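What you are looking at is a predicted structure, and each value in this text was computed from that prediction instead of being measured.
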Amino acid sequence: MIKTLAILASAGMALVACQSAPSDSGDASPINTANMSETVKVMASDEFMGRGPGTEGETKTVAYLIKRFTELGLEPGGRDGAWTVPVTLKHSMITDVRSLNVTAGGETINIEQGRDIEISSANARDAITVTDAPVVFVGFGVTAPEREWDDFGDVDLTGKVALFLVNDPDFGVEDDNPVAGVFGGRRMTYYGRWTYKFAEAARRGAVAALVVHETKAAGYGWNVASSSPGENYAVAGKGAKASVDLQGWLHEDMAKQWVAKAGYDLDALRIAARQRDFKAFPLGDLRFNADLELSVETVESQNVLGKITGTTRPDETIMLSGHWDAYGIGAPDAQGRVVMPGANDDALGLAGIMEIARNLKAEPAPERTVVFAAWTGEESGLLGSEAYAQDPVYPLETTVANFTLDILQTAGPAHDVIQVGEGQSDLEEMMAATAATQGRTVSPEGLPENGLFYRADHFSLARRGVPVLLIMGIAGGSDLVDGGREAGDAWVKGYTDNRYHNQNDAWDADWDLRGAAQDVELFLDMTRELANSTEWPELKTTSEFKGLREASADARD
C-alpha cells in the first residue's frame, strides 16, 4: 500500500495525506478521509450555490476542480490542452400552465403540476399545445425480441399519449407467475427505466409519454419524482436524440382516475400487462389536453477532465469519474434553506476520485493513460457523460474500463462491497479478487429493483459497450463492522428518506468515512492493475451490450 506524506493546499485549507483510515484487515489505508471530508465541505458549501449547471455555482465549481486537479499534478485532459470540454444543454421550464386536463364522456379531470403530474419537455419551444390527444395504455412498453415480448403490437402512437407502467413486467410477481424471471426479477433491466420508455415512445411518434409512479417499483417516492416540476435539460447539437414533446411521471392516484374514467381498473391492467399476449390499446375516449408556456434557454456547461498520460500505451484509457453538479437553488425547506448542497451526491464521489489521483501521482507513471472526469448534468439525466459518449475525447473502443463513484456510505467500515448490476463484465470477478485482498467480500445489491445500474453516469459508456463498474452507497445496506447488514440497511433508508436530493444532503463533520475509503481504495487498486497490464476486460454473454463491444474488437488487437 502507498503511504505518502505529501501535503496539498486547496481553498486555503491544508489537506494532509498522512492521515489514513484502517482497512478491514487492520492495515493503514492509502485513502485520506480528512482530505475527502474537506473537499466535500468546500463543494457543498453555500458559496457553491448547489452547483447548478449554467449558474454562478458552476463557474465556481469548475474553477475549484481545475485548481484541485492542477494541485494534484494532473495534466489537462480535454482537447488541445484544455481542462474542460463544453457541453451545450437546452434548459426549459414550464412557466405557465394555461390548461392541463384529460376529458372523457363529456367530463374533465383537471391535473395539477407537481401534485398529480410531473411533466416537462426535452423537445422544448416557447409554447406547447396538445389538443384531444388519445391516451394509449402501453403496459410496460417493452419491445424485447430476445425475450419474445412485444407490448406494442400494431398500435400507432403517432400524435398520441403513451401511458406506461414503471419497471419490468416481472417486477413484484410471485415465483409461480408465468412471467417470473423473464426479465430481471427484482433486478430492473433497461426496459424498466423511464429513459428507455420515453425513447421508445419518441421512436414511435408519440406526442407525450407518461410513466405511472409507484414508489416501490420506481425505487423512490413521489417527492423525488416531482422534485423539479416542469424543468428539463437535454443535450443539444451533435448526436441529440429525438424526444416526445412532453414527458414525465403521473401520480398513481391520478392514473387510477384516468383509467377508471375509461372504464378500467389500474390493478387489473397491471395484471393484464404481465401477460405475453398483452397489446397496447386506447383508453376509451380519454383525451389529453395541455396548453403550456415555457422559457427556453441554451446553457453552456462544462465537463472537467484531467489525466495521467500512459508511458507505453497512452492510447489505451482507464477512466475514473463522478459528477460535479447538484440541484442548485430550490424552494425554501422548513428551516428556510434554499441551497441543495449535494454533499454525498456527488461531492463525496469526486473527493474519492481526487484521492485516487493523489495516490497514482505518487507512483511511477502508469503504462496506460488514466483519465479523471467530473461530469456536468448528471442530475438532469446523465447529460454530461452522454455528451461525452456522443463525442468522446478518448475513443470508447480503446477505453479499457470506467469506474464511477456516485454516493458513498458514511457509516463506517464494512465487511463487503456492494456490486451494482450483475452479469455485465469481467470487472465483476476482478472486483471480487481485489476486495478479497482487503479482507472483504462482494455482496449483490440489496435493492436491485431500483435499477441503479442505469441511473449513474457510467451507463452512458456502458450502453456503448465499455466495461464499467459503479459504486453507489444506496444500492443496498453494507455489512457494517459495527452493526452488520441491519445497520447498513438503516443507513440507506435514512439517507434516501431524509437526505437524497434535498437540502439535508449536507457535509457532516460526524461522517465515518472509513467505509467510503475502503471502496475508493478498491477502485484505486483495480485502476493500478489495469493501468499496468495488457488485459482487456470483456463483456459477459448476459450483457445486453456485448455485441457493441465485440463490434469494435479490431481496435484493441
Side-chain angles (χ1 to χ4, degrees), residues 49-59 86-101 111-131 133 159 161-162 193-195 197-203 205-211 213 224-251 288-303 323 325-331 338 340 375-387 390 460 501:
M49 304 167 64
R51 307 193 304 277
T55 68
E56 184 182 346
E58 166 166 0
T59 302
V87 177
T88 302
L89 304 174
K90 284 293 184 182
H91 175 223
S92 65
M93 173 64 77
I94 295 174
T95 55
D96 187 18
V97 178
R98 293 190 281 254
S99 67
L100 188 59
N101 62 66
I111 309 164
E112 182 177 328
Q113 173 83 296
R115 183 193 68 185
D116 305 319
I117 199 170
E118 189 288 309
I119 199 167
S120 64
S121 179
N123 189 24
R125 47 195 180 275
D126 292 342
I128 294 177
T129 301
V130 179
T131 304
V161 176
R193 282 290 290 150
W194 56 263
T195 49
K197 298 174 191 293
F198 292 165
E200 190 67 13
R203 188 176 73 83
V207 69
L210 298 171
V211 179
H213 179 267
V224 175
S226 62
S227 59
S228 300
E231 185 173 33
N232 199 297
Y233 287 86
V235 177
K238 181 179 178 181
K241 295 176 290 187
S243 302
V244 290
D245 282 348
L246 293 171
Q247 64 185 48
W249 291 97
L250 185 66
H251 194 286
F288 177 84
N289 301 280
D291 185 8
L292 309 171
E293 184 176 315
L294 298 88
S295 64
V296 182
E297 62 177 340
T298 299
V299 175
E300 297 296 341
S301 192
Q302 306 286 333
N303 289 327
H323 67 90
D325 67 303
Y327 272 91
I329 304 297
V338 296
M340 315 275 268
W375 307 121
T376 183
E378 190 273 351
E379 302 293 9
S380 305
L382 317 183
L383 299 183
S385 57
E386 174 63 23
Q390 290 176 10
S460 297
H501 289 179

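The two residues N123 and S243 come nearest to each other via the heavy atoms ND2-O, 3.7 Å. Of all heavy-atom pairs spanning Q247 and L210, the tightest one is C-CD2, 4.4 Å. Across A122 and A234, no two heavy atoms sit closer than the pair O-CB, 3.8 Å. Residues S99 and L292 approach most closely at O-CD2, 4.1 Å, considering heavy atoms.
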Problem set entry | Worked verdict on S92 versus N232 for side chain to side chain contact (heavy atoms under 4.5 Å, CB included) | CA-CA 5 Å; S92 65; N232 199 297; 3.7 Å; yes
Exercise. Side chain to side chain contact (heavy atoms under 4.5 Å, CB included) between T131 and F288: does it pass, once the steps are laid out?
Worked result: CA-CA 7 Å; T131 304; F288 177 84; over 6 Å; no
For this session: Would you check, one step at a time, whether the test side chain to side chain contact (heavy atoms under 4.5 Å, CB included) holds for T55 with M49?
Result: CA-CA 9 Å; T55 68; M49 304 167 64; 5.6 Å; no
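Within the 4.5 Å cutoff, the side chain of E378 has no heavy atoms near those of the L383 side chain. Using a 4.5 Å cut-off on side-chain heavy atoms (C-beta onward), Q302 and T376 make no contact. By the 4.5 Å heavy-atom criterion applied to side chains, M93 and E231 are counted as neighbours. At a threshold of 4.5 Å between non-hydrogen side-chain atoms, the residues S380 and L89 do not count as touching.
Checking side-chain atoms of E386 against main-chain N and O of L382 turns up no donor-acceptor pair under 3.5 Å. Of the possible donor and acceptor atoms, none in the side chain of D325 sits under 3.5 Å from a partner among the backbone N and O of P53. No side-chain donor-acceptor contact under 3.5 Å links D245 to the backbone of A208.
Rounding to the nearest 0.5 Å places CD of E58 at 11.5 Å from CZ of R51. Note that CD1 of I117 is 5.5 Å distant from CG of L100, once rounded to the nearest 0.5 Å. How far CD of E118 is from CD1 of I94: 8.0 Å, rounded to the nearest 0.5 Å. Atoms OG and CG, from S226 and D116 in turn, are 10.5 Å apart once rounded to the nearest 0.5 Å. For the atom pair E379 CD and S227 OG, the distance stands at 8.5 Å (nearest 0.5 Å).
Heavy-atom contacts from other residues, nucleotides or ligands closer than 6.0 Å to CD of E293 number more than 12.
Look at E200 and R203 and you find a salt bridge, because one of the NZ, NE, NH1 or NH2 atoms lies within 4.0 Å of a carboxylate O, short of that distance.
By the ring pair (Phe, Tyr, Trp, His ring centres under 6.0 Å) test, F198 is found to be paired with W194, residues two or more places apart in sequence or in another chain being considered. Shown here are the side chain to side chain contact (heavy atoms under 4.5 Å, CB included) partners of E297, two or more places apart in sequence or in another chain: H91, V299. Residues satisfying the salt bridge (charged side-chain N to carboxylate O under 4.0 Å, His left out) test with D291, not counting sequence neighbours, are R98.
For the side chain to side chain contact (heavy atoms under 4.5 Å, CB included) criterion with V207, the lone passing option out of V244, V161, L246 is V161.
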